[in-house]
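Chain A is the first sequence line, chain B the second, and so forth, proteins listed ahead of strands; every chain is numbered from 1.
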2 protein chains.
Amino acid sequence: MSGLESVNQIDISSLKVACKDCNLYQLCLPLGLENDDLERLDSIIKRRRPVKRHAYLYQAGDAMRSIYAVRSGSFKSFTLTDDGTEQITGFSLPGELIGLDAISTGQHISTSKALEMSHVCEIPFEKLEELSSVIPGLQRQLLRIMSKEIAHDQSAILLSKKSAEERLACFIMSLANRFEARGFSSREIHLTMSRVEIASYLGLAVETVSRVFSRFQQDGIMSVNRRAIEIKDMDEVHNLAGAKPSSR
Amino acid sequence: MSGLESVNQIDISSLKVACKDCNLYQLCLPLGLENDDLERLDSIIKRRRPVKRHAYLYQAGDAMRSIYAVRSGSFKSFTLTDDGTEQITGFSLPGELIGLDAISTGQHISTSKALEMSHVCEIPFEKLEELSSVIPGLQRQLLRIMSKEIAHDQSAILLSKKSAEERLACFIMSLANRFEARGFSSREIHLTMSRVEIASYLGLAVETVSRVFSRFQQDGIMSVNRRAIEIKDMDEVHNLAGAKPSSR
DNA sequence: ATTATTTATTGATATAGGTCATTCATGGAT
DNA sequence: ATCCATGAATGACCTATATCAATAAATAAT
């Protein structure tokens, strides 16, 4: 297979899938839309483009013109400290929208970077706003998605009150749930992010993340082989994740 | 002044202020709306009601029918652990909307409780949704407010990566900024929440919050007298808040 | 294939912040 | 005015997790 053919294949696979044929339909923005409405939404989606591993979707400070729906792959969102350290605020999976935090200021406040070869649908925000005032179902779904993001972020705020074990269990649990909703196994998880990235997101040291993974494995809760996780005792992960920090 | 008159007064002060006469106009939902549109929004706001100190606006599990705009006073949002400990996820000041996290599920996932005698405007969500598909400016503003909430929550996620001093500085800084936007002093702050509540929000022990406040006072950064804070060195608070956790 | 580089694990030690205990202040109730 | 209950501050001590250091395993580069 030549390089050129390969490029064509990518174009085909990434450009030709309309919302109505997308398997993420019921997780993504088009949920609830039918026929005409769906096609109108489809028509404003400027292009479905591939994003290479480690490529930026946008950077903090960029003007926000579009939001993005992840079609395949995964992304991390982060800000940088003065000394250049990444502060990861979240990970995005297929069907999730990226860039919603920038609507209010019109400028991206965080940077979004692909963790692996990924594809996104670019949705020009101005057109989306216009369209959603004409299509009630679209407005509805946009509000619901944003509300879900708020709810998710608030549960992430609770992380700062939890122990290292609880944090990691919450993280794995969240991934398992999200994978399951996407039709993947919730037991076997392939992590696309490094230990450093997990640690940054959870507010822990890398070494602590490693150690807690090892402990989980020793306790038979999950098997851990670098980025391949297999959850053996889902109930226990659930318990650990749900277990709230001790009170006095 | 008799009790009855007092009640009437409350009714007058809380019921008679239309959005167009509200001093929170430019911070709240009506921003950008004019004349007719503004009055239409005003007409769906079911009632402006007083909420006594320690009274609930809603509780986790309640069906979400309305969202609320704080007119005066302040609120805390929290969930409970198994053992009944409050996990505070945020505080709400005048002009801010409460309940946005419940749109996605239609059920409140957290409880909202007044920290002091407060007033809210109750906005039936169904009607708001209808109205915002007719009034583009309203849709716009609703999206902007939700986006701002997402951005704010994401900055709160960063707390779990910070030291106790940084967390408290961030907290004070956020309050100062929000008060300033509301036309209050950003230097002299009256905290309406207890040390326990601050500690819960920041994921620290009460004692740590006390100690850090004392340290801030010793260092001449602020004067602290129970709930009365006076910021002496705003730059230093800013530095501490902005100072990102050390990297290796 | 071989070497270099990144990523992950594990151990030893240090420390920030938690926990327990006591005292002091404050504001509401009697 | 006095008492009581609650909230806040401070000290002594301990523990969870960070930091430093070394090694191993897995990719990437030559």
Side-chain angles (χ1 to χ4, degrees), chain A residues 52-54 76 81 83 85-88 115-117 159-169 171 190-219 222-229 240 243-248, chain B residues 52-54 76 81 83 85-88 115-117 159-169 171 190-219 222-229 240 243-248:
Chain A
K52 286 207 194 79
R53 181 171 142 92
H54 294 165
K76 62 174 172 182
T81 61
D83 59 13
T85 316
E86 284 181 9
Q87 306 273 109
I88 296 183
L115 291 170
E116 61 190 312
M117 177 63 195
L159 284 179
S160 75
K161 300 156 180 70
K162 297 184 193 242
S163 70
E165 282 192 357
E166 286 164 348
R167 290 183 200 200
L168 194 58
F171 173 70
H190 173 75
L191 302 175
T192 58
M193 64 291 290
S194 69
R195 296 290 190 267
V196 175
E197 287 160 340
I198 296 172
S200 168
Y201 177 64
L202 297 177
L204 298 171
V206 209
E207 295 92 330
T208 305
V209 173
S210 256
R211 276 187 257 265
V212 175
F213 265 134
S214 299
R215 217 176 306 156
F216 282 170
Q217 170 144 280
Q218 275 164 28
D219 298 350
M222 55 184 75
S223 87
V224 182
N225 194 298
R226 304 206 108 225
R227 299 189 175 191
I229 308 288
L240 282 168
K244 307 299 166 45
S246 66
S247 67
R248 289 222 255 148
Chain B
K52 286 207 195 78
R53 182 173 142 92
H54 293 165
K76 63 175 172 182
T81 60
D83 59 14
T85 315
E86 284 181 9
Q87 306 273 110
I88 295 183
L115 291 170
E116 61 191 311
M117 177 62 197
L159 283 180
S160 75
K161 299 156 181 69
K162 296 184 192 246
S163 71
E165 284 192 357
E166 287 164 347
R167 289 183 202 201
L168 194 58
F171 174 70
H190 173 75
L191 302 175
T192 58
M193 64 291 288
S194 68
R195 296 288 190 270
V196 175
E197 287 161 339
I198 297 172
S200 168
Y201 177 63
L202 296 177
L204 298 171
V206 208
E207 295 91 331
T208 305
V209 173
S210 259
R211 276 188 257 265
V212 175
F213 265 134
S214 300
R215 216 178 305 157
F216 282 170
Q217 170 145 278
Q218 277 163 26
D219 298 350
M222 54 183 78
S223 87
V224 182
N225 194 298
R226 304 203 107 226
R227 298 189 176 192
I229 309 288
L240 282 168
K244 306 299 168 41
S246 65
S247 67
R248 291 222 256 146

Legend entry - Stepwise side-chain contact (heavy atoms from CB on, under 4.5 Å) test for B/Phe213 and B/Met222: CA-CA 8 Å; B/Phe213 265 134; B/Met222 54 183 78; 4.2 Å; yes

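Contact annotation: side chain of A/Arg226 to base of C/dT6, donor-acceptor pair absent below 3.5 Å.
The distance from atom CG of B/Leu204 to atom C1' of D/dT15 is 16 Å, rounded to the nearest whole Å. One interatomic measurement links the two molecules: NZ of A/Lys161 to P of D/dT17, which rounds to 16 Å at whole-angstrom precision. Summarising the geometry, the separation between CE on A/Met193 and P on C/dT7 is reported as 15 Å, rounded to the nearest angstrom. The CG atom of B/Leu191 sits 15 Å away from the C1' atom of D/dA9 (whole-angstrom rounding). The CZ atom of B/Arg215 sits 12 Å away from the P atom of D/dG11 (whole-angstrom rounding). Straight-line distance from the CZ atom of A/Arg211 to the C1' atom of D/dT17: 8 Å, rounded to whole Å. As a whole-Å value, the separation of B/His54 NE2 from D/dG7 C1' is 12 Å. B/Leu202 has its CG atom 19 Å from the P atom of C/dA16, to the nearest Å.
Backbone-only engagement by A/Arg195 is indicated by non-hydrogen atom pairs under 4.0 Å involving sugar-phosphate atoms exclusively. Residue-level contact check: A/Arg227 touches the backbone only, with heavy atoms under 4.0 Å from sugar-phosphate atoms and none from bases. In this structure, A/Ser194 reaches the sugar-phosphate backbone alone: every heavy-atom distance under 4.0 Å involves primed, P, OP1 or OP2 atoms, never a base. The residue A/Ser214 sits close only to the backbone: its heavy atoms come under 4.0 Å of sugar-phosphate atoms, none of a base.
For the pair B/Glu86 and B/Lys76, the salt-bridge criterion is met [side-chain N within less than 4.0 Å of a carboxylate O]. Comment: B/Lys161 does not engage B/Glu166 in a salt bridge, judged by the lack of any side-chain N to carboxylate O separation of less than 4.0 angstrom.
The side chain of A/Thr208 contributes no N or O atom lying less than 4.0 Å from OP1 or OP2 of D/dT17.
Side-chain atoms of A/Ser214 come within 3.5 Å of backbone N or O of A/Ser210 as a donor-acceptor pair. Put simply, the side chain of B/Arg215 never gets that close to the backbone of B/Glu165: no donor and acceptor are under 3.5 Å apart.
Closest to the side chain of B/Asn225, out of C/dT26, D/dA18, D/dT10, is C/dT26.
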